[in-house]
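In what follows, every chain begins at residue 1, and chains take the letters A, B, ... in the order their sequences are listed.
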Amino acid sequence: MRLADVVSVSHAVARTSGRLEKTQHLADLLTRLPSDEIGIVVPFLSGSPRQGRIGIGGAMLSSMRDIPPADAPSLEIRDVDAAFDRLAAMSGAGSATSRSQVLRQLLGRATRDEQDFLVRLLFGELRQGALEGIVIDAIARASGIGAARIRRAVMLAGDPASVARTALVDGDAALSRFILEPFQPVQPMLADSATDVADAISTLGDAVIEYKLDGARIQVHKVDDEVKVYSRNLREVTAAVPEVVTVARGIPARAIVLDGEAIAMREDGTPHPFQITMRRFGRRLDVDRLRPDLPITPFFFDALYLDGEPLVDEPLARRMDLLTARVTASNVVPRVVTANPAEAAAFAAQALATGHEGVMVKALTGRYAAGRRGQTWLKVKQARTLDLVILAAEWSGRRKGTLSNLHLGARDSERGGFVMLGKTFKGLTDEMLAWQTKKFLALEIGRDAYTVFIRPEVVAEVAFNEIQASSQYPGGLALRFARVKRYRADKSAADADTFATIQEMYGQGSRL
DNA sequence: TATGTCTGCCCC
DNA sequence: ATTCTGC
DNA sequence: GCAGAATGGGCAGACATA
């Protein structure tokens, strides 16, 4: 199949807003597609190439803007895939230059529309209103198999392309080969948010409350002495966390799959900040050098498989029992089972006092909903707010032509002026975007390519979860997960919170 | 060698 | 990660 | 309720450049 055929379907998908119609366009394409190209095109339609990230980012792509497009389409899907393969294989000195040359050559053979598609694909912003979810529906429609069955197979396979090939070529019965088994990581279950523990308990009834640790999600697979550790995105990270391998090897089970969190702990049993955990997690070099001073500890909270039996369809209560029977208590997340809101609230307070992020509240009857934001898991995190001054805004956002991304500043009561603490666009409705665009242009005192700087007069109430060290901002501090709650028309810049206040919060640990 | 820029099925 | 929006 | 879009800070590592 030609690239142009895929591009035209992508355009048709982007043009319509209806999910059913998007699905139909994609299903038609899948039906026409030669079976040996399913593995290439399905990832394209889900928004990323088969090869994953291949070392091409925004800077490289924006340097390609001058390439004149071809007059007529000639690229085959296979040509593109082969070029991506070559790009992915490049490394070492001079690789950036040769990568740039190969990409230039590819884009030079593409029409304007094809160039546009390839650039968005490589940048990871296809924006056709259909990613994996819609593609799953399309596979279902094209194969005549139920969407739930396809979705489940994708969660277990971790990859829609192989499921598409099986469904379209071999049919329904062949999907049964997608089962949970060791060393085939499954997409982790995700959680919804709740405002507080009492709210979560009243939603879920009998529940287990767990410390929510601010580390990195891990899925650990063990068969006999062989252990592999996967990240939330199913990336294999075994080499980064030898401590986890040691703990897993010691578990008395022939085969087991566990879900948990890896975090750097202090000797006194309190957690390091997330930034410190990240110095270890994801590191491949010098792991042994950092290990003595910065050990990583796994804390497990779920068991997905044990000695030949998949547990994902078992209720949480049974999965917990099997977990605690096999794993030492020091490697299980602290937890309490209760339906009593007061007891739950006390446990949550204890989690925060120990320095943790908050708690998870989970229904005891819940199944493990792989890859989904299950309604049976609720996270409760502590947030606080500051009144900050808007220093500037950037041209970007949901609707082009609005000033959306806000620069947030705290008042510097000692030296005068304001100290920038980060940016946010979150929490802004379409209505607020329209209002602030007008307002900020009236307050403009200067601009550059993307930014309008304004007189520091507008105050917003900004929620955040943590204050963290920053090498980017002049005060050396930045807000984590900042979002706008509301504008404070009743406050002037002189009423805004001061940088000294933020420094004090950071010193105490922003969660205490 | 030292520093800066870019990238990441990155982590949150 | 968080949040808003259309379906 | 789901899926998608749009965007945040910071980390290690690879490579380019001075």
Side-chain angles (χ1 to χ4, degrees), chain A residues 16-22 43 46-63 88 90-97 99 123-137 151 158-159 187 190 192-193 213-218 231-237 240 261-262 273-287 290 357 372-375 379 381 383 394 396-399 404-406 408 421-433 463-473 477-485:
Chain A
T16 174
S17 61
R19 273 220 297 263
L20 291 175
E21 204 179 327
K22 287 176 189 286
S46 317
S48 67
R50 177 176 68 81
Q51 294 81 356
R53 302 300 311 200
I54 52 180
I56 291 169
M60 174 90 79
L61 289 169
S62 61
S63 75
M90 292 173 171
S91 69
S95 63
T97 308
R99 194 173 265 136
F123 194 57
E125 290 189 346
L126 198 51
R127 286 189 250 205
Q128 59 183 14
L131 292 170
E132 197 170 289
I134 308 274
V135 169
I136 284 169
D137 287 346
R151 185 178 305 279
D159 161 30
Q187 298 188 17
L190 307 173
D192 255 335
S193 292
L213 309 183
D214 191 11
R217 188 86 176 260
I218 49 169
S231 73
R232 176 187 157 139
N233 293 321
L234 310 189
R235 203 166 62 90
E236 212 217 294
V237 295
E261 195 83 1
F274 177 71
Q275 287 174 304
I276 304 294
T277 288
M278 285 309 292
R279 272 184 213 160
R280 278 289 317 272
F281 195 85
R283 174 185 290 268
R284 283 166 299 168
L285 275 32
D286 291 336
V287 172
L290 267 78
E357 200 181 10
R372 317 204 69 168
R373 214 165 272 288
Q375 319 89 309
K379 59 181 158 193
K381 295 165 72 165
E394 296 174 12
S396 51
R398 264 195 302 286
R399 281 209 295 254
S404 88
N405 207 1
L406 307 174
L408 307 169
L421 292 173
K423 305 180 195 178
T424 187
F425 64 95
K426 297 179 186 109
L428 299 167
T429 62
D430 284 357
E431 195 182 358
M432 289 161 87
L433 286 173
F464 66 98
N465 289 64
E466 190 185 13
I467 295 163
Q468 59 189 358
S470 170
S471 56
Q472 185 179 345
Y473 291 107
L477 297 176
L479 301 183
R480 189 164 174 220
F481 309 139
R483 60 268 190 190
V484 173
K485 283 294 162 194

Considering only [options], which nucleotide approaches the side chain of [X] most closely?
| X | options | answer |
| --- | --- | --- |
| A/S17 | D/dT7, C/dG6, D/dA3 | C/dG6 |
| A/R53 | B/dG8, C/dG6, C/dT5 | B/dG8 |
| A/Q375 | D/dC2, C/dT2, D/dG10 | D/dC2 |
| A/A216 | B/dC11, D/dT7, C/dT3 | B/dC11 |
| A/R480 | D/dT7, C/dG6, B/dC12 | B/dC12 |

Exercise for review: Starting at CZ of A/F274, measure out to CD of A/E466 and round the result to the nearest 0.5 Å.
Suggested key: 9.5 Å
Exercise for review: Determine yes or no for a side-chain-to-main-chain donor-acceptor pair under 3.5 angstrom, with A/Q275 supplying the side chain and A/A469 the backbone.
Suggested key: yes
**Study point:** Expected output: side-chain A/T16 to main-chain A/K22 donor-acceptor under 3.5 Å
**Key:** no
Give the rounded distance in Å between these two atoms: [atom1] of [X] and [atom2] of [N].
| X | N | atom1 | atom2 | result |
| --- | --- | --- | --- | --- |
| A/M278 | D/dG10 | CE | C1' | 8 Å |
| A/K426 | C/dC4 | NZ | P | 11 Å |
| A/M90 | D/dA14 | CE | P | 18 Å |
| A/L285 | B/dC10 | CG | P | 19 Å |
| A/L131 | D/dA5 | CG | C1' | 8 Å |

Heavy atoms only, 4.0 Å cut-off, all strands: where does [X] land among base, sugar-phosphate and nothing?
| X | answer |
| --- | --- |
| A/G92 | sugar-phosphate |
| A/A482 | nothing |
| A/R483 | sugar-phosphate |

Review point. Given pairs defined as Watson-Crick or G-U wobble with both distances under 3.5 Å, what dot-bracket annotation applies to DNA chain D, with ( ) intrastrand, [ ] crossing, | other strand and . unpaired?
Key: ||||||||||||||||||
